[in-house]
Asker: 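Handing you this structure, nothing more for now.
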Amino acid sequence: MQVIVAKDYDELSRWAAEAVAAQILEKPDSVLGLATGGTPLGMYRELKRMHQEGKLDLARVKTFNLDEYIGLPADHPESYHHYMQENFFRHVNLPADQAHVPDGTAGDLAVECQRYEEMIQAAGSIDLQVLGIGANGHIGFNEPGTEFGAVTHVLSLDPRTIKANARFFGSEDQVPRQAISMGIKTIMKSRKIILLASGTDKAEAIMRTVTGPVTVDMPASILQLHPNVTLLVDKAAAAFLKLDGGQMSVNC
Ligand code: F6R
C-alpha cells in the first residue's frame, strides 16, 4: 500500500484525475470503478477539463459506480445516477450504454445485485477502482461489520453515514436507509485501486486503514491485502500518519 500526501484538496483532485487519465491512456478500453460523494468532485472537474482540452477520450471506456441509494429514481437530485450525470457523464464522450450505476428502484433487488455483479465480471472486472472512505471506514457502502466475502449486495446504512450524508439531503430523515453496493470482494478483484481522502474527519479512518489490524470493524483495512493500492490524501487526512517526505510505503 502506498500513501501519497497532497498539500491540499486541489492537488489531491489533480493527482486523482491524472491517475485516471494515465489508466485510460495506457488502456483506452479500461473498465473504471467510480465513487460519488463530496471527495471526488474535484477529480471529476479535472477530468472534465482534460476532456474539453482534447486530452481525454472516453469513447471505449466502461464505468461501474460503486453504489446507489435504494428507492431513489435516477432523476432524483440526490441519486447517484443524477450525481454522475451532472458531475461527469454529460460533460464527456462516454457512451451512455457504457456507464453503469446500480438500479436502486429495481423491483427485485436481489436480481439487480446479481445482474450488476455479473456485468462487472463480464466486462473483465475493474482495471482501476476509485474509492472514497467514510469516517467510519466504509468503502462503497460496506459499513463496519460487513463480511469481506460479500459481492454486490443490499445493505443498511450505518447511523454515522446517515448523519454524514444528511448534508446532501437537508435532514437526516430524508436520507435513504438502504443502498446497493459493490461488495468488498468485488472491490478487491479490481486490478488497481486509488482511495481519496480529504479533511480531518477522515484522519482516524486513514490511520486505521494503513496501520491498524485488518478487521471488518474498519472495512478499508482490507486494502492492506491488495497488491496495488494507492491512498491519495491531503495533509488533514494524513494528520495521524508518520510520513517521510509526504510519502509512505507500507509492506503488508
Ligand atoms: C460513494 C461511496 C462512499 C463515499 C464515502 C465518502 O460512492 O461509495 O464510500 O466515498 O461515504 O463520502 P464523502 O466523499 O462525501 O466524504
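Side-chain atoms are counted along with the backbone in the values below, which use heavy atoms only and exclude waters and symmetry mates. In each ligand, atom 1 is the first atom listed, and ligand 1 is the first ligand listed.
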Asker: So if I count the atoms of ligand 1 from 1 in the order they appear, which ones are less than 4.0 Å from some heavy atom of Lys202?
Answerer: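 Those of ligand 1 that fall under 4.0 Å from Lys202 are 6 (C), 13 (P), 16 (O).
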
Asker: Give me the residue, atom name and distance of the protein heavy atom closest to atom 6 (C) of ligand 1.
Answerer: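 Its nearest protein heavy-atom neighbour is Ile133 O, 3.3 Å.
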
Asker: Counting from 1, what ligand 1 atoms have a heavy atom of Ala35 closer than 4.0 Å?
Answerer: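 Result: 7 (O).
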
Asker: Assign the ring pair Tyr69 / Phe169 to parallel, tilted or perpendicular, where the plane angle (0 to 90°) is split at 30° and 60°.
Answerer: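 Rings of Tyr69 and Phe169: perpendicular, as their planes differ by over 60°.
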
Asker: Where do Leu195 and Ile206 come nearest, in terms of heavy atoms and distance?
Answerer: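 Heavy atoms only, the tightest pair is CD2-CD1, 3.9 Å.
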
Asker: Does an N or O from Gly37, backbone or side chain, lie closer than 3.5 Å to an N or O of ligand 1?
Answerer: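 In this structure, Gly37 places no N or O atom under 3.5 Å from an N or O of ligand 1.
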
Asker: So is Thr39 polar-close to ligand 1, meaning N/O to N/O under 3.5 Å?
Answerer: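 Yes; the residue has a nitrogen or oxygen that sits under 3.5 Å from a nitrogen or oxygen of the ligand.
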
Asker: At less than 4.0 angstrom from any non-hydrogen atom of Gly140, what atoms of ligand 1 do you find?
Answerer: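 Near Gly140, meaning under 4.0 Å from one of its heavy atoms, ligand 1 has 2 (C), 3 (C), 8 (O), 9 (O).
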
Asker: Using a distance-only test with no angle check, is there a side-chain donor-acceptor pair under 3.5 angstrom linking Glu143 and Thr146?
Answerer: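 Thr146 and Glu143 do not have a side-chain donor-acceptor pair below 3.5 Å.
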
Asker: For atom 2 (C) of ligand 1, state which one of Leu34, Asp201, Asp67 supplies the nearest heavy atom.
Answerer: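 Comparing heavy atoms across Leu34, Asp201, Asp67, the nearest one to atom 2 (C) of ligand 1 lies in Asp67.
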
Asker: How does the hydrophobic cluster around Leu25 look, that is, which other residues are in it when side-chain heavy atoms under 4.5 Å mark a link?
Answerer: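 Other cluster members: none.
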
Asker: Taking N or O atoms only and a 3.5 Å limit, does Gly38 qualify as a polar contact for ligand 1?
Answerer: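 Checking ligand 1 against Gly38, an N or O pair does fall under 3.5 Å apart.
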
Asker: For Asn136 and Met218, which heavy atoms make the closest approach, and how far apart are they?
Answerer: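 It is O-CE, 3.8 Å.
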
Asker: Salt bridge check: are Arg115 and Glu118 linked by an N-O gap of less than 4.0 Å?
Answerer: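 Answer for the salt bridge query: no.
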
Asker: Just to be sure I'm reading this right: ignoring hydrogens, which of Met84, Arg160, His138 gets closest to atom 4 (C) of ligand 1? Compare them by their nearest heavy atoms.
Answerer: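 Shortest heavy-atom distance from atom 4 (C) of ligand 1: His138.
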
Asker: Could I get the full list of side-chain hydrogen bond (donor to acceptor under 3.5 Å, both in side chains) partners for Asp127, not counting sequence neighbours?
Answerer: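 Checked Asp127 against side-chain hydrogen bond (donor to acceptor under 3.5 Å, both in side chains); matches are Lys27, Arg191.
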
Asker: Would you mind telling me if ligand 1 is within reach of the side chain of Asn165, the backbone, both or neither, using heavy atoms under 4.0 Å?
Answerer: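 The answer is neither; Asn165 stays 4.0 Å or more away.
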
Asker: Just to be sure I read this right, does ligand 1 sit under 4.0 Å from the backbone of Arg167, its side chain, both, or neither, counting only heavy atoms?
Answerer: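 Side chain only.
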
Asker: Could you tell me whether the side chains of Ser13 and Glu46 share a donor-acceptor contact shorter than 3.5 Å?
Answerer: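 There is no such pair (donor and acceptor under 3.5 Å, judged by atom type) between the side chains of Ser13 and Glu46.
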
Asker: List ligand 1 atoms under 4.0 Å from Leu66, heavy atoms only on the residue side.
Answerer: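 Listed by number with element: 8 (O).
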
Asker: Looking only at distances, can you tell me whether any N or O atom of Thr36, backbone or side chain, sits closer than 3.5 Å to an N or O atom of ligand 1?
Answerer: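 Yes - when backbone and side-chain N and O of Thr36 are compared with those of ligand 1, one distance drops under 3.5 Å.
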
Asker: Which ligand 1 atoms does Gly132 reach within 4.0 Å, using its non-hydrogen atoms?
Answerer: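 Numbered from 1, ligand 1 contributes 10 (O).
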
Asker: Just checking, any donor-acceptor pair under 3.5 angstrom between side chains of Asn142 and His153?
Answerer: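 Yes - a donor-acceptor pair under 3.5 Å links their side chains.
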
